[in-house]
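The structure under discussion appears below in the form of structure tokens.
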Protein chains: 2
Amino acid sequence: MARPRKFDRAEMLRRAMELFWRYGYEGTTLNDLTDAMGINRPSFYAAFGSKRMLFEEAVALYDSTAGAPASRAVIEAPTARAAVEGMLRANASACAEVGNPPGCMIVLSATIGSPDSEEVRRHLSEWRVRGQHQLRDRLRRAIADGDLPSGADPDGLAAFYTAVLEGLSIQARDGASAAVLHGIVDRAMAAWDALTTPAPR
Amino acid sequence: MARPRKFDRAEMLRRAMELFWRYGYEGTTLNDLTDAMGINRPSFYAAFGSKRMLFEEAVALYDSTAGAPASRAVIEAPTARAAVEGMLRANASACAEVGNPPGCMIVLSATIGSPDSEEVRRHLSEWRVRGQHQLRDRLRRAIADGDLPSGADPDGLAAFYTAVLEGLSIQARDGASAAVLHGIVDRAMAAWDALTTPAPR
DNA sequence: TGGGTTTTATACTGATCCGAACATAACGCC
DNA sequence: GGCGTTATGTTCGGATCAGTATAAAACCCA
């Protein structure tokens, strides 16, 4: 029994995600957001609370859409190797997809900036660390399954492959093509046997 | 025959570098800079021209100081393998050095942001690409020297190891210790033989 | 000790930042 | 059709952004 809003909140969240993805948290202004949404500020605040709350929602949306294939690969792939490669391939493809902002939103959109936004950066950092832990847990499970030798080091492997994943985003921002990114993945995967058999070091 | 400035320009440039390194280009304000330098705005503009000019000078200083060991390794190491490992080790150590801002300034300080600063980001991107090309050229030379087999792919290898290098900085921002970063380097180097002998793919 | 030059210091510019106040307009229910 | 509720549009607020105008102060040389 009240006036209904005349914009599609989900669609506006999607547009916000795109802006944050392209320009980062601090690089996106409230005017950018309301302009892209075609709404004005009171509507914005009523619908999303604040810039920061919107950003956190946008990150969650990113994770469940553009970022989903990589996460899914980690969880659903039948082997540890397929999990890692699937994660990297999905990320490489997404990072270079034409029409989308280059690179991964979770990696890039708040890595550095003014002290005012430190909480936002920590929030995003937690997403990255969580992803790394999911990968580590998947590798642990692979050891339990006998898929990986017991000498393999899940933490070290997860750190290495996450670092490669993160490097892909910087490379994408620097203009690397999908072919180049997949070449990087090729090489990361070529290391697999050396990294997983006996003692990596 | 004029009033001498009463601050050490080189020292102030060093302080500016530290701020840009820690907070990035857009995350550092003119007030931050002048406060850290202990000077006021007219002195700032007389000495450094503009925020952007100062940033570019600060990047050059970074490259010639904190970034120098990595560059030097690429140029001076006796073998391709030592060049790559030296670059990564130097970077891993610098990224986790206590007292310094975590991560590499060239990788992190302007990867994303408002359209207003696009030129600054391009400028920094050129530094990154230049580093990658120096590595590639070093690998080409190694092939010419017979240090690497002729089937090795300098471009692909340079892209891969640069991606790892860039990933180190994100990991450092996320709190990775020097030990973790060097573990990542261990794994990147464990891949060396697989990546350089016969056909990497 | 005075003249010329450059650096200081204070204050200000217009623009933009995120967020909020205000009154008006559109809806469902009684 | 009036009422309560919510969304809308316009406008404002204090803070901060990068950069500058104006004037006073400090130096070297003569």
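Note on naming: letters A, B, ... go to the chains in the order of the sequence lines (proteins, then strands), and numbering restarts at 1 for each one.
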- Query: So where does chain B start and stop touching DNA chain C, 5' to 3', when the test is distance under 4.0 Å to a non-hydrogen atom?
  - Reply: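 Contacts span C:dG4 to C:dT10, reading 5' to 3'.
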
- Can A:D174 and B:S125 be counted as having a side-chain donor-acceptor contact under 3.5 angstrom?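 A pair is found: one side chain offers a donor N or O, the other an acceptor, under 3.5 Å apart.
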
- Query: Side chains of A:S177 and A:H182: do they bring a donor and an acceptor to under 3.5 Å?
  - Reply: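 No.
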
- When you check every protein heavy atom under 4.0 Å of nucleotides 8-21 of chain D, what one-letter string (B, S, -) results, 5' to 3'? BBB------SBBBB

- Task: Only counting residues at least two apart or in another chain, list the ones meeting side-chain contact (heavy atoms from CB on, under 4.5 Å) with B:P115.
- Result: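 side-chain contact (heavy atoms from CB on, under 4.5 Å) list for B:P115, sorted by chain: A:Y23.
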
- Query: Parallel under 30°, tilted from 30 to 60°, perpendicular over 60°: which one fits the rings of A:W192 and A:Y161?
  - Reply: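 It falls in the tilted class, 30° to 60°.
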
- With B:F20, the side chain to side chain contact (heavy atoms under 4.5 Å, CB included) member among B:D32, B:L54, B:L61, B:L108: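 Answer after filtering B:D32, B:L54, B:L61, B:L108: B:L54.
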
- Task: Apply the side chain to side chain contact (heavy atoms under 4.5 Å, CB included) test between B:S109 and each candidate in B:F55, B:Y25, B:W21; give the one that qualifies.
- Result: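 By the side chain to side chain contact (heavy atoms under 4.5 Å, CB included) criterion, B:S109 pairs with just one of B:F55, B:Y25, B:W21: B:F55.
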
- A:R187 and B:D153 ion-paired at < 4.0 Å: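 Looking at B:D153 together with A:R187, the answer is yes, because their closest N to O distance falls below 4.0 Å.
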
